[in-house]
Amino acid sequence: MTGSYNPKDIETKWQEEWEKDGINDVVEGSSKPHKYVLEMFPYPSGDIHMGHVRNYTIGDVISRYSKMKGFNVLHPMGWDAFGLPAENAAIKHKSHPAKWTYGNIATQKASFKRMGFSYDWNRTVVACDPEYYRWGQWIFLQFWKRGLVERRNSPVNWCPDCGTVLANEQVIEGRCWRCHSEVQKRDLTQWYFKITDYAQELLDDLNQLDGWPERVKQQQANWIGRSEGAQVDFILCDKDGNIPADPTPDDIITVFTTRADTLYGCSFFVLAPEYARVAEFVAGTPYEEEVMALVEASKKITAVQRAMGDHEKHGAFTGRYVVNPINGEKVPVWVADDVVADYGTGAVMAVPCGDQRDFEFARKYDLPIIPIILEPSDPLYSRLCEEQGRVVTSVDWEQAYAAEGILVQSGEFTGMVGGKHSPGEDAVVAKLEAMGRGKRKVEFRLRDWLISRQRYWGNPIPAIHCEHCGVVPVPEEDLPVRLPEDIDLAAGETLATHKGFIECTCPVCGAPARHETDTMDTFTCASWSVLRSTDPHNRELPFDPAKAATWMPVDQYIGGIEHALLHLLYSLFFTKVLRDIGLVDFNEPFTNLLCQGMVLDGKGEVMSKSKGNVIAPEDMIAQYGADAVRAYILFMAPPDKELLWNEAGLAGMFRFLKRVWRQVQLLSHDPDVRQDNVTEDDAKGKAAAKTLNRELHRVIGKVTDDIERFNFNTALAAIMELANATDEYLKYVPAQTRANCEPLQELDAFAAKTLVLLLAPFAPHWAEELWHEVLGEQGSVHLQDWPTWDPAQAVAETVTYPVQINGKVRARVELSKEAGKDELQAAALEAAASYLDGKTPKKVVVVTGRLVSIVI
RNA sequence: GGGGGUGUGGCGAAACGGCAAACGCAGGGGACUUAAAAUCCUCCACCCAAAAGGUUUGAGGGUUCGAAUCCCUCCACCCCUACCA
């Protein structure tokens with residue numbers, strides 16, 4: 001006996017039952033095939049919002065469906081729990097970051113449970129738990145042993161208000177993502193992971209990721225930014241402009257270029273303001289003042305201005321010259337603030353005719369623009385390709401010619417095709433190599449990963465500074481380096497001022513020493529948690545390689561596109577290093593990746609706390625239940641599409657669940673549910689029963705197929721169609737009739753069961769309640785087999801074929817589904833007779849199962 | 001500047017070269033009700049009073065018996081990334 005659908009009564013009840021029965025716990029050693037379904041872990045910044053609801057509902061449907069399909073599913077949850085927001089909140093509330101973090105984790109966990117997500121909570125990974133972060137430190141030490149950890153001085157992003165360096169992803173349009181202060185460039189000694197050692201492999205292996213969205217792979221490839229070109233050595237003239245007779249390595253300045261073919265067009269040479277030898281070059285010369293002023297001024301160009309690209313570019317002549325190796329010509333050396341120090345060599349050969357930036361610079365400072373590459377239609381072309389030597393050193397162009405073209409005024413290379421990867425470029429590089437003045441070189445845009453942070457709430461870098469021994473690793477047996485709990489952040493205390501934390505002895509010589517006080521970027525924690533979930537309680541190793549091998553790689557990874565790039569790139573990097581260390585035996589951690597679209601507010605804005613437009617599911621759950629919220633957010637749009645949250649349709653999904661609930665009751669002959677609106681009609685009833693049977697088979701097939709392809713929206717639409725067919729059936733076949741007819745009883749049972757099973761992954765509580773209380777079944781609905789269907793019963797016996805004449809539907813013919821091409825053509829021509837007017841059609845296209853197209 | 005994507009009713013959307021708008025939301029009309037809610041029935045791309053008919057997938061062209069879908073040109077919007085030589 002049951003009443004009408006009331007989610008309040010059933011949802012928490014089943015959540016408790018499931019937990020008690022452990023139906024979501026992973027069974028190790030099962031003979032079933034394994035499946036690892038994982039969603040990106042949340043950051044515990046507060047309670048969950050609609051973005052979380054979408055992400056984790058997708059994962060939950062895949063997980064529940066996979067279990068019903070007979071897989072042994074690992075579906076864990078965890079928290080990416082270190083990071084600045086916890087610390088800032090602690091300062092604000094004069095509290096400890098752990099309090100805030102664990103408080104939010106508890107809140108989110110309760111919300112996840114309230115949503116009915118099927119996690120195995122015994123496997124929860126929390127990044128700020130010493131039992132987890134000790135292994136992050138252990139991995140750091142293995143990286144160090146392999147030479148993948150480096151401490152060096154470089155220009156870095158520094159947020160003055162937050163008092164720490166920032167990762168690139170934390171700099172948004174030149175501003176700190178939290179406090180919006182302008183980020184400064186500073187030269188600091190920081191810790192790096194040498195991800196660039198893996199740049200080529202990371203790029204190459206993108207090809208193996210068949211189960212990843214193309215856009216993510218493309219984004220990664222762009223980020224890695226492989227660029228093929230050459231290094232070219234220019235010889236530096238002395239202060240008086242004399243070419244050294246016997247140049248030493250100090251007399252050589254190397255540049256990187258992808259356009260060696262344009263070397264003959266080099267009319268000046270540019271150094272970045274940060275170039276190490278700039279001061280030396282101009283010291284004591286008349287140029288010193290202006291150049292050094294430019295160097296100083298360039299430091300003040302903010303990343304904001306750079307990002308906007310709207311700052312004026314400046315240059316200053318150094319008074320020095322270098323020699324172009326291809327033609328022995330002396331060209332002036334400038335310093336300019338549009339050259340970046342940390343790409344290539346920090347020095348650039350300028351070819352204004354072929355590069356727009358060089359072109360603009362040459363115009364501004366009145367430097368020669370020598371045309372050395374043209375398209376044959378250019379008026380200069382016929383003249384210059386005849387000439388030997390250089391005759392034209394200025395042009396009246398409006399912009400540079402950056403495309404492929406024919407080289408002119410280029411000595412022996414004149415007449416060759418120039419451009420990126422062109423024969424001309426090849427020839428010039430070959431010549432330079434023969435001269436010993438250049439070589440092939442590949443550059444990457446990818447930088448080493450700056451992992452140190454000057455903040456408390458992170459994983460401490462396990463290193464010790466000793467006066468005698470330098471920087472030495474903390475011995476593995478001393479791990480974890482624990483974060484001290486007695487710290488008053490609100491009073492300005494930091495790890496660097498915490499005596500108890502700093503003071504230690506050198507593990508090598510035993511002398512008094514200092515602990516490193518930087519912590520690791522939170523992304524380091526997130527880069528291997530996927531592995532820890534396969535063996536979360538291991539106290540000997542980060543994870544048992546055998547257990548990792550059982551579950552990994554993740555069969556389906558699900559997460560937002562917005563932070564996909566860096567987290568994924570870092571995870572791939574970690575996996576490759578751990579493979580080289582011998583802890584894992586695979587290249588890629590995530591076989592298939594589903595990137596869900598962002599959930600935006602009704603106006604299309606990203607939801608954020610600072611904007612105050614965060615939408616939480618709490619009230620909706622209270623009003624309509626978690627099941628309706630789950631089903632509705634999937635019904636709104638395909639998962640990879642951006643979604644503007646709009647609550648209007650949620651009531652409709654609730655109505656749908658209510659309606660099907662009642663249908664299941666009626667189909668089960670629940671004595672307490674009265675059937676109204678019945679019109680006994682034998683003919684319509686028979687047809688409706690036939691249609692219902694067909695729809696059951698068709699919809700099981702459709703929903704199965706749709707879930708496999710993540711088309712949850714159309715899967716739900718198909719179930720709604722099934723519900724419509726059920727309504728039609730119930731309308732014309734009264735309970736009495738159904739009760740007294742065995743085939744109809746079977747149909748009733750089949751329909752009731754199918755509706756419940758198909759909706760079980762979407763509306764788990766709803767399904768469980770009906771399964772037990774209305775269908776009277778034993779065992780959880782979520783442990784049942786997914787329904788099967790008979791494709792032969794899924795199609796109608798007759799097909800209504802549209803008959804097109806010159807592309808327009810002019811008639812219809814109804815034929816058996818078995819009708820052959822000839823029969824179909826004959827029927828179509830007969831139906832179209834009045835349009836044919838006795839003539840023979842030009843062409844007839846017959847597509848069985850589809851249509852007939854006649855051309856007259 | 002580079003890369004990726006999107007464009008279909010009032011709205012969310014569907015259609016893996018084959019009857020455009022499935023499914024739902026909102027809305028109109030009706031039944032039930034003293035009334036409302038709930039529920040049920042019904043209409044719902046556009047033009048035409050209706051039917052018949054015609055038109056329609058950002059714009060234009062092409063391929064095809066047949067195009068929202070494939071190709072070319074253009075427009076608009078969104079996201080990512082960027083002084084990368």
Side-chain angles (χ1 to χ4, degrees), chain A residues 4 168 173 213-219 221-223 225-227 229 255-259 262 270 272 301 305-311 313 336-340 342-351 354-358 360-361 402 443-447 561-562 564-565 597-598 600 604 606 632 635-638 640-653 655-656 658-659 662 676-677 679 709 711 713-724 727 731 800-809 812 841-847 849-856:
Chain A
S4 59
N168 290 340
E173 290 181 344
E214 207 50 48
R215 60 176 165 162
V216 175
K217 288 191 276 186
Q218 190 65 50
Q219 215 173 312
N222 290 344
W223 186 262
R226 187 178 199 271
S227 198
V255 298
F256 173 74
T257 179
T258 54
R259 292 296 304 276
T262 63
V270 194
I301 299 172
Q305 286 168 306
R306 283 182 190 274
M308 297 297 152
D310 60 357
H311 76 100
K313 283 143 201 186
D337 54 17
D338 68 331
V339 177
V340 292
D342 61 348
Y343 182 78
T345 62
V348 174
M349 65 176 226
V351 182
D355 182 284
Q356 188 58 24
R357 286 161 306 163
D358 294 346
E360 285 163 17
F361 194 89
E443 283 286 339
F444 292 93
R445 178 184 313 197
L446 182 71
R447 299 291 188 282
I561 185 79
E562 70 276 13
L565 172 68
M598 291 221 269
L600 307 175
V606 178
Y632 177 58
F635 181 64
M636 281 183 86
D640 54 352
K641 208 172 159 178
E642 193 170 84
L643 186 148
L644 268 59
W645 179 253
N646 172 11
E647 210 177 311
L650 179 55
M653 184 55 75
R655 275 201 293 272
F656 168 68
K658 204 158 67 167
R659 183 158 71 99
R662 192 177 156 75
D676 34 52
N677 292 309
T679 320
R709 294 190 293 154
N711 293 337
N713 55 332
T714 51
L716 284 159
I719 302 172
M720 288 173 182
E721 288 174 302
L722 177 57
N724 292 344
D727 260 352
K731 194 159 113 188
T800 304
Y801 285 96
V803 180
Q804 289 186 347
I805 293 160
N806 289 347
K808 297 213 181 294
V809 179
R812 287 174 195 279
K842 266 194 207 153
K843 188 168 183 178
V844 181
V845 181
V846 181
V847 189
R850 291 286 184 194
L851 49 45
V852 181
S853 180
I854 301 169
V855 189
I856 54 175

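Every chain is numbered from 1 and lettered A, B, ... according to where its sequence line falls, protein lines coming before strand lines.
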### Rounded distance (Å) that lies between atom P of B/A22 and atom CD1 of A/I719
19 Å
### Message
Distance check needed: B/C84 P versus A/R259 CZ, whole Å only.
### Response
14 Å
### Query
C1' atom, B/G3 versus B/A82: distance in rounded Å?
10 Å
### Query
Can you tell if the side chain of A/N806 reaches within under 4.5 Å of the side chain of A/V855, non-hydrogen atoms only?
yes
### Query
Base, sugar-phosphate, or nothing: which does A/N222 touch, judged by heavy atoms less than 4.0 Å apart?
sugar-phosphate
### Query
Under a 4.5 Å cut-off applied to non-hydrogen side-chain atoms, are A/M349 and A/T262 in contact?
yes
### Task
Measure from CZ on A/R226 to C1' on B/A85 and round the result to the nearest Å.
17 Å
### Query
Whole Å only: how far is the CG atom of A/L650 from the P atom of B/C11?
21 Å
### Query
Think A/Y801 has a side-chain N or O under 4.0 angstrom from the OP1 or OP2 of B/C19?
no
### Query
When rounded to the nearest Å, what value does the distance between C1' atoms of B/A20 and B/U57 take?
7 Å
### Nearest-nucleotide pick for A/N713, side chain only, options being B/A85, B/A13, B/C41
B/A13
#### Entry: Nucleotide paired to B/G10 in any strand shown, Watson-Crick or G-U, under 3.5 Å
B/C25
### Task
Record whether the side chain of A/R659 comes under 3.5 Å of the base of B/C40 through a donor-acceptor pair of N or O atoms.
no
### Message
I want to verify a distance call: between B/C41, B/G18, B/A13, whose nearest atom is closest to the A/L851 side chain?
### Response
B/G18
### Message
Taking B/A22 as the reference, what is the distance to B/A36 when you measure between their C1' atoms (whole Å, please)?
### Response
34 Å
### Query
How far does the C1' atom of B/A15 sit from the matching atom of B/C19, given to the nearest Å?
11 Å
### Message
Counting only Watson-Crick pairs (N1-N3 plus N6-O4 or O6-N4) and G-U wobbles (N1-O2, O6-N3), all under 3.5 Å, who is the partner of B/A36?
### Response
none
## Note on the structure
Among B/G24, B/G18, B/C84, the one nearest any side-chain atom of A/F635 is B/G24
### Query
Is the phosphate of B/A13, meaning OP1 or OP2, less than 4.0 Å from a side-chain N or O of A/K641?
yes
### Query
Is B/C77 paired to anything, Watson-Crick or G-U wobble with both distances less than 3.5 Å, and if yes, which nucleotide?
B/G5
### Task
Would you check if A/R659 and A/N724 make a side-chain contact, meaning some heavy-atom pair closer than 4.5 Å?
yes
### Query
For A/V809 and A/R812, which heavy atoms make the closest approach, and how far apart are they?
CG1-NH2, 4.1 Å
### Query
Could you give the CG-to-P distance, from A/N646 to B/C11, as a whole number of Å?
12 Å
### Message
I'd like the P distance from B/U56 over to B/A67, given in whole Å.
### Response
11 Å
### d(CZ, A/F444; C1', B/A85) in whole Å
17 Å
## Note on the structure
A/P638 has its side chain closest, among B/C23, B/C25, B/A14, to B/A14
### Message
Does any part of the side chain of A/V351, heavy atoms only, come nearer than 4.5 Å to the side chain of A/R259, both counted from C-beta?
### Response
no
### Query
Mind telling me whether B/G9 is syn or anti, cutoff 90° either side of 0?
syn
### Message
Could you tell me how far B/A52 sits from B/A13 if I compare only their P atoms? Round to whole Å.
### Response
33 Å
### Query
Between A/Y632 and A/G649, is there a donor-acceptor pair closer than 3.5 Å when you use the side chain of the first and the backbone of the second?
yes
### Task
State, yes or no, whether a side-chain contact exists between A/D640 and A/R215 at a heavy-atom distance under 4.5 Å.
yes
### Message
At 4.0 Å (heavy atoms only), tell me whether A/G807 reaches a base, stays on the sugar-phosphate, or touches nothing.
### Response
nothing
### Query
Between B/A82, B/C65, B/G3, which nucleotide has the shortest distance from any of its atoms to the side chain of A/Q218?
B/G3
### Query
Distance between the P atoms of B/G66 and B/A50, in whole angstroms?
33 Å
### Query
Can you check salt bridge (charged side-chain N to carboxylate O under 4.0 Å, His left out) on A/E214 and A/K217, steps first, answer last?
CA-CA 5 Å; A/E214 207 50 48; A/K217 288 191 276 186; 3.7 Å; yes
### Task
Please state the P separation for the pair B/A68 and B/G17 - nearest whole angstrom.
13 Å
### Task
Would you state whether a donor and an acceptor, one from the side chain of A/R215 and one from the base of B/C79, lie under 3.5 Å apart?
no
### OP1 or OP2 of B/G1 under 4.0 Å from side-chain N/O of A/R357
no
### Task
Starting at the 5' end of nucleotides 51-62 of chain B, put B wherever the base has a protein heavy atom under 4.0 Å, S where only the sugar-phosphate does, and a dash everywhere else.
---SS-------
### Message
Contact between A/N713 and A/M636 at the side-chain level, heavy atoms closer than 4.5 Å - yes or no?
### Response
no
### Query
So, for A/T345 and A/V255, which heavy atoms are closest and what is the spacing to 0.1 Å?
OG1-CA, 3.5 Å
### Query
Should B/G18 form a Watson-Crick or G-U wobble pair with both distances under 3.5 Å, which nucleotide is its partner?
B/C65
### Task
Grab the CE-P distance between A/M349 and B/A85 for me, whole Å please.
12 Å
### Task
Between B/C25, B/U81, B/G24, spot the one nearest the side chain of A/W223, thanks.
B/U81
### Query
Just checking A/E721: base, sugar-phosphate only, or nothing, at a heavy-atom cut-off of under 4.0 Å?
sugar-phosphate
## Note on the structure
Winner on side-chain proximity to A/Y343, out of B/C84, B/A14, B/C65, is B/C84
### Message
Quick check on RNA chain B: between A/M653 and A/V855, whose nearest nucleotide comes earlier from the 5' end?
### Response
A/M653
### Query
In terms of the nearest nucleotide of RNA chain B, which residue is placed more toward the 5' end: A/V809 or A/R445?
A/V809
### Task
Kindly say if A/R655 contacts the phosphate of B/C25, meaning a side-chain N or O under 4.0 Å from OP1 or OP2.
yes
### Message
Please determine whether a side-chain nitrogen or oxygen atom of A/N724 lies at a distance below 4.0 Å from atom OP1 or OP2 of B/A22.
### Response
no
## Note on the structure
With the side chain defined as heavy atoms from C-beta on, A/V845 is closest, among B/G18, B/A85, B/G12, to B/G18
### Task
Take the protein atom NZ of A/K658 and the nucleotide atom P of B/A38, then report the distance between them rounded to whole Å.
8 Å
### Message
Do A/I561 and A/E642 make a side-chain contact, defined as non-hydrogen atoms from C-beta onward lying under 4.5 Å apart?
### Response
no
### Phosphate OP1/OP2 of B/C65: any A/N806 side-chain N/O under 4.0 Å
no
